[in-house]
Asks: 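Below is the structure I would like to discuss, written out as structure tokens.
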Protein chains: 2
Amino acid sequence: MSNPSSNPSIKDIAARANVSTATVSYVLNGTRNVRPKTRERVLAVIEELNYKPNDIAKSLKRRRTDTIGVIAEDVTVFNTPEIIDGINDYGDRHDLHILLTNLRLDKRIGRDFEHTDKYRKYAASAVSELLSKQVDGMIYIGVHPRDLTGLIDSEGKPIVYTYAYTQNDMAIQYNDEQASYEAMSYLVARGHRRIAIISGLMDSIPSRLRLNGYYKAVTEFELPFDPVLIKMGDWERESGYRLTRELLSLPAPPTAILAMNDVMAVGVLQAANEAGVNIPADLSVIGFDNREFSDYLSPRITTMDLPLHEMGYRAMETLHEVINGKQAWRPEMPVCRLIERDSVAPPKGGKP
Amino acid sequence: MSNPSSNPSIKDIAARANVSTATVSYVLNGTRNVRPKTRERVLAVIEELNYKPNDIAKSLKRRRTDTIGVIAEDVTVFNTPEIIDGINDYGDRHDLHILLTNLRLDKRIGRDFEHTDKYRKYAASAVSELLSKQVDGMIYIGVHPRDLTGLIDSEGKPIVYTYAYTQNDMAIQYNDEQASYEAMSYLVARGHRRIAIISGLMDSIPSRLRLNGYYKAVTEFELPFDPVLIKMGDWERESGYRLTRELLSLPAPPTAILAMNDVMAVGVLQAANEAGVNIPADLSVIGFDNREFSDYLSPRITTMDLPLHEMGYRAMETLHEVINGKQAWRPEMPVCRLIERDSVAPPKGGKP
DNA sequence: CTGTTAGCGCGTTCAC
DNA sequence: GTGAACGCGCTAACAG
């Protein structure tokens, strides 16, 4: 016995079962036929000693760790846990493990994405550590969809981005344009034609894509196009509040507002409330993100659910296939789906 | 050169710098003095070849991975990301890595904690995998504080629980009793004496401890003790709603309500709103958890913030010290702190 | 077909 | 400053 005090090794098993370590290995992995009797004996000893193979040694030899490095820009941001959950879902089914790196971006440098220098340093050291740990690949989870081209060098290891992208790497992104188009269709189907939109910051990709979906709906459904119905917010509640006040004071206010996130939708509710405008009777509201609290407000907000779990799952799946040499990169994007709640009703005087 | 196509190994560095691999290792780790000139040469080659040590090989020899296995019962539950963030915070400062396991309990078996059989299987396989990966220790993050004694066998590896505990292992728990006592003190200081409490499920530890804090405050501040002011909820909004209606219809309704979580506080607001009771003018409310949405409601809810980040940090710190042989187990519990917002005011006719 | 021997993967560290 | 054994499991080559 090599060392009775520490965990038993394959040698201990071999000795106790009167076989070579090779035989034990073959039994363990089914890599070759072993006579049933021998196999039984080996398995009995493994059981008896509660032997667990050392994955570190195994990985060293196999040059593969079955471990994926996940770089999260910030795990405390709402999108990240669900994405990680999706990654775990796939990982569980395929015996893949997760080495988690949390850049803690929100706490360390906030949302000022221009701090490229500092950011690059954090990211580089995260990648470097994961590479040292010999991960088989990496998944990068952003806090906000944006172009990260040139910021990260994965040094040849496969990497998949989600909730962020680069011009050269694989990325799993949901379909923003479809989402806002679908929200618009939903409102139009209920008789709305004068629909306002409160966007996020305009340097953000989702803002632009969702605006595209809005325009597309305006065109296809031949809605009256009025620039005053398009408001630029900043994702924060206060902007939803302020812009809704502006919209409500218009000579011809909208009958519905599409807010690009649930946080701004809170501001919409507040402004409407203060103005004595009833939601949904006088004004319909749709949010985005399906944040937990959107179900706790009065009225409960109808909102677009982001396919976060699916994004994580697909990112992991894509990475896994690339690692295994199947270049199964598919272009279809996960889609958002509308969660119908109580903040939308037909407009007054509209069709039923 | 052993293999020009794959990553350079210590051998490649040694060969190119005309030294032995031992010397390279000494340079890398500062384990021994190396003549400056030699050291320079080695460092230059390392730079030139962009050499990164293989942590897998290193771990195999050192019998230590500097990796901690984190077992989260469910990463999508609100407490978990912040706890993980705290773990990362400490880990970053001490070069510790995180191998994340997500039991996905909520999605797989829900909140029925009695499914012990299934649960035990998931937990055991998680531990087993982490052990195979040779983690130096483990942190267990529960979804709800409860006694897990006997459910998990860490097979001798150090393990620290947080947001859960066992009778034999180290656990980092926040101080529930102090928290509700402090919330009560805050209300009393503002003149409230008739204070109701809406608890969570009574088979839950936090419910009982917080009730203790309530009783302690009632006794110490000599508040009128009236059992009808003590309501048993179930953590869900509907129970907050229903029980508040009951409280408001009392002959002598309370002037303040302490809800054991923010979700039930939403129900309190709703019931008060329907009854035409103004918060905080007619009724004060304090919640628990400092959920993000508590700041989005009208009025913004005053609530107890849970020291989640600190719990993660302390769990990691404790584990690290145990691994290093410093049995630095401290009994002090992280404390909650009150977030003052707009849902508390002096009672009508109370002192200013 | 079954079993064994021995070298390897890569970095660490003791003895010289 | 170096040689070589070592940590542990895998697997090619070989023997029966």
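Hydrogens, waters and symmetry mates are skipped; everything else that's a heavy atom, side chains included, is used. First the proteins, then the strands, lettered A, B, ... as listed; each starts at 1.
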Asks: Show me the pairs that pass salt bridge (charged side-chain N to carboxylate O under 4.0 Å, His left out) and involve residues 21-37 of chain A, at least two apart or across chains.
Replies: none

Asks: Pairs under 3.5 angstrom only: tabulate donor-acceptor contacts from the side chains of residues 127-136 of chain B to other protein residues two or more places apart or in another chain.
Replies:
unit_1, atom_1, unit_2, atom_2, d
Glu129(B), OE1, His97(A), NE2, 3.0
Ser132(B), OG, Pro53(A), O, 3.4
Lys133(B), NZ, Thr65(A), O, 2.6
Lys133(B), NZ, Thr67(A), OG1, 2.9
Asp136(B), OD1, Thr65(B), N, 3.0
Asp136(B), OD1, Thr65(B), OG1, 3.3
Asp136(B), OD2, Thr65(B), N, 3.4
Asp136(B), OD2, Asp66(B), N, 2.7

Asks: Under a 3.5 Å threshold, yes or no: a donor from one side chain and an acceptor from the other, between Asn7(B) and Asn54(B)?
Replies: no

Asks: Distance check needed: dG7(D) P versus Asn7(A) CG, whole Å only.
Replies: 14 Å

Asks: Any chance the side chains of Thr166(A) and Asn168(A) put a donor and an acceptor closer than 3.5 Å?
Replies: no

Asks: For Val19(B), answer base if it contacts any base atom (sugar-phosphate contacts may also be present), sugar-phosphate if it contacts only those atoms, and nothing otherwise; contact means non-hydrogen atoms under 4.0 Å.
Replies: sugar-phosphate

Asks: Calculate the interatomic distance between Ile10(B) atom CD1 and dC8(C) atom C1'; express it in whole Å.
Replies: 16 Å

Asks: With a cut-off of less than 4.0 Å, is there a side-chain N or O of Thr23(A) near OP1 or OP2 of dT4(C)?
Replies: yes

Asks: Which helical stems does DNA chain D take part in, if a stem means at least 3 consecutive Watson-Crick or G-U pairs with both distances below 3.5 Å?
Replies: C:1-16 with D:1-16

Asks: Can you check whether any acceptor in the base of dC8(C) is under 3.5 Å from a donor in the side chain of Lys61(A), or vice versa?
Replies: yes

Asks: dG9(D) P sits how many Å from Lys133(B) NZ, rounded?
Replies: 14 Å

Asks: Kindly point out which of dT2(D), dT11(D), dC8(D) is positioned nearest to the side chain of Ala22(B)?
Replies: dT2(D)

Asks: For dC1(C), does OP1 or OP2 lie under 4.0 Å from any side-chain N or O of Arg32(A)?
Replies: no

Asks: Report the residues that fulfil salt bridge (charged side-chain N to carboxylate O under 4.0 Å, His left out) with Asp106(B), sequence neighbours left out, ordered by chain and then residue number.
Replies: Arg111(B)

Asks: Does a side-chain N or O from Ser20(A) land closer than 4.0 Å to OP1 or OP2 of dG3(C), or not?
Replies: no

Asks: Please collect all salt bridge (charged side-chain N to carboxylate O under 4.0 Å, His left out) contacts where either partner lies in residues 154-173 of chain A, sequence neighbours excluded, each pair once.
Replies: Glu155(A)-Lys52(B)

Asks: I'd like to check the ring pair (Phe, Tyr, Trp, His ring centres under 6.0 Å) partners of Tyr122(B); sequence neighbours left out, ordered by chain and number.
Replies: none

Asks: Could you tell me whether Glu332(B) atom CD has more than 12 heavy atoms of other residues or ligands within 6.0 Å of it?
Replies: yes

Asks: Does OP1 or OP2 of dT2(C) have a side-chain N or O of Arg39(A) closer than 4.0 Å?
Replies: no

Asks: If you assign each of Asn33(A) and Thr21(A) to its closest nucleotide in DNA chain C, which residue comes earlier from the 5' end?
Replies: Asn33(A)

Asks: In this structure, how many angstroms lie between the P atom of dC10(C) and the CD1 atom of Ile56(B), rounded?
Replies: 12 Å

Asks: Strictly below 4.0 Å: does Tyr51(A) bring a side-chain N or O up to OP1 or OP2 of dG9(D)?
Replies: yes

Asks: Let me know, please, whether Pro36(B) or Lys52(A) comes out on the 5' side of the other along DNA chain D by nearest nucleotide.
Replies: Pro36(B)

Asks: Distance check needed: dG9(D) P versus Gln134(B) CD, whole Å only.
Replies: 8 Å

Asks: Spell out yes or no: do the side chain of Tyr26(B) and the base of dC14(C) have one donor N/O and one acceptor N/O closer than 3.5 Å?
Replies: yes

Asks: Val34(A) side chain: which of dG11(C), dG3(C), dT11(D) is closest?
Replies: dG3(C)

Asks: Measure the distance from CZ on Arg62(B) to P on dT12(C) and round it to the nearest whole Å.
Replies: 8 Å

Asks: Please state how far atom NZ in Lys11(A) lies from atom P in dT5(C), giving the value in whole angstrom units.
Replies: 13 Å

Asks: Considering every strand and a 4.0 Å limit on heavy-atom distances, what is the contact class for Val24(B): base, sugar-phosphate, or nothing?
Replies: nothing

Asks: What integer distance in Å separates Leu28(A):CG from dC10(D):C1'?
Replies: 11 Å

Asks: Kindly say if Asn29(B) contacts the phosphate of dG11(C), meaning a side-chain N or O under 4.0 Å from OP1 or OP2.
Replies: no

Asks: Less than 4.0 angstrom between a side-chain N/O of Thr38(A) and OP1 or OP2 of dG3(C), yes or no?
Replies: yes

